[in-house]
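Below is one structure, written out as structure tokens, with a few remarks after it.
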Amino acid sequence: MKCDIITIFPEIFDAYLAESILKRAIQKKLIEIKVHNLRDFTRDRHKTVDDYPYGGGPGMVMKPEPFFNAIESTKTNGVERFTIMLSPQGKVFNQDMALSLSKERRRLLFICGRYEAIDERVRENLVDEEISIGDYILTGGELPALVIIDSIVRLIPGALGDERSKEEESFTWGILDYPHYTRPPEYRGLTVPDVLLSGNHKEIAKWRRKEALRHTMRRRPDLLKKASLTDEDYKLIEEIKEERDEFD
Ligand code: 4FN
């Protein structure tokens, strides 16, 4: 997977890309990420990337020329690209989108905005897809780009040391996780559920699935509608409902 990022703050990416799974994936050449400084593609003495909005109003708008220049100069012969603009107007990012981007054969180009907005001509002429990471105000598209890259990279075969964790995730995918515990078995009088210490793997699997379903019913009932549930899951849901009558 090859990615380009266009930003006025390239340093933002350094620390995050230098850690953990991302770092390893880059070292293993599973991904390549090139961060480009938008200012390098300005043609004026002051390296201007913003200007006042036509029609007036508060804030500054990012000029179109540096983006057009950047996108043209970072083109490589024969390699197709898919251009993504991080934007509050975009489709809200989810795991399905992460999966489909992780399978993308084209080079991904991320455009990160700052100030109030980017000149509309960039979106109209250079962008294939607009993606948002959620409904809140941000100061820039850099964190959204990192969020998306982070979620994509862990889906690339070989990027996680332990491929089993992905398999387990696909089983739980769609619902929340079960509660996790590690040693010690008792800490300040706080204990670990007996079943997890029992060594009975069948009972442990059932308990985890049930607790995962219970959490999802309580906190994110919206996820249950989309999740692919088994007959066993529906039985567990009935059990949970009988234990508490908060779901009627
Ligand atoms: N944000 C909203 C409405 C109007 C403006 C914003 C906003 C960064 C360049 C865009 C925000 C959120 C999720 C990119 C937000 C995202 C951005 C994102 C983003 C500077 C202009 C701006 C109704 C969503 C609260 C600033 C809502 N995912 N404007 O944040 O880039 O990717």
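Just so we're clear, the structure is a prediction, and the values are computed from it rather than from any experiment. All values below were derived from every heavy atom in this structure, side-chain atoms included, with hydrogens, water molecules and symmetry-related copies excluded. Each ligand, and each atom within it, is numbered from 1 in the order the structure gives.
The existence of a salt bridge linking Lys63 and Asp50 is excluded, since no basic side-chain nitrogen approaches an acidic carboxylate oxygen closer than 4.0 Å. Using a 4.0 Å cut-off between a side-chain N of Lys or Arg and a carboxylate O of Asp or Glu, Lys206 and Glu203 do not qualify as a salt bridge. One finds a salt bridge joining Asp4 and Arg107 here, because a Lys/Arg side-chain nitrogen approaches an Asp/Glu carboxylate oxygen to under 4.0 Å.
Side chain to side chain, Thr7 and Glu142 meet the donor-acceptor criterion of an N or O pair below 3.5 Å. A donor-acceptor pair shorter than 3.5 Å cannot be found between the side chains of Ser73 and Asn69.
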Yes or no on side-chain hydrogen bond (donor to acceptor under 3.5 Å, both in side chains) for Thr76 and Arg81, after CA distance, side-chain angles and deciding distance? CA-CA 9 Å; Thr76 36; Arg81 266 203 312 207; over 6 Å; no

Ligand 1 polar-atom proximity to protein (N/O, under 3.5 Å):
from, atom 1, to, atom 2, distance (Å)
ligand 1, 28 (N), Ile133, N, 2.9
ligand 1, 30 (O), Leu138, N, 3.0
ligand 1, 32 (O), Ser87, N, 3.3

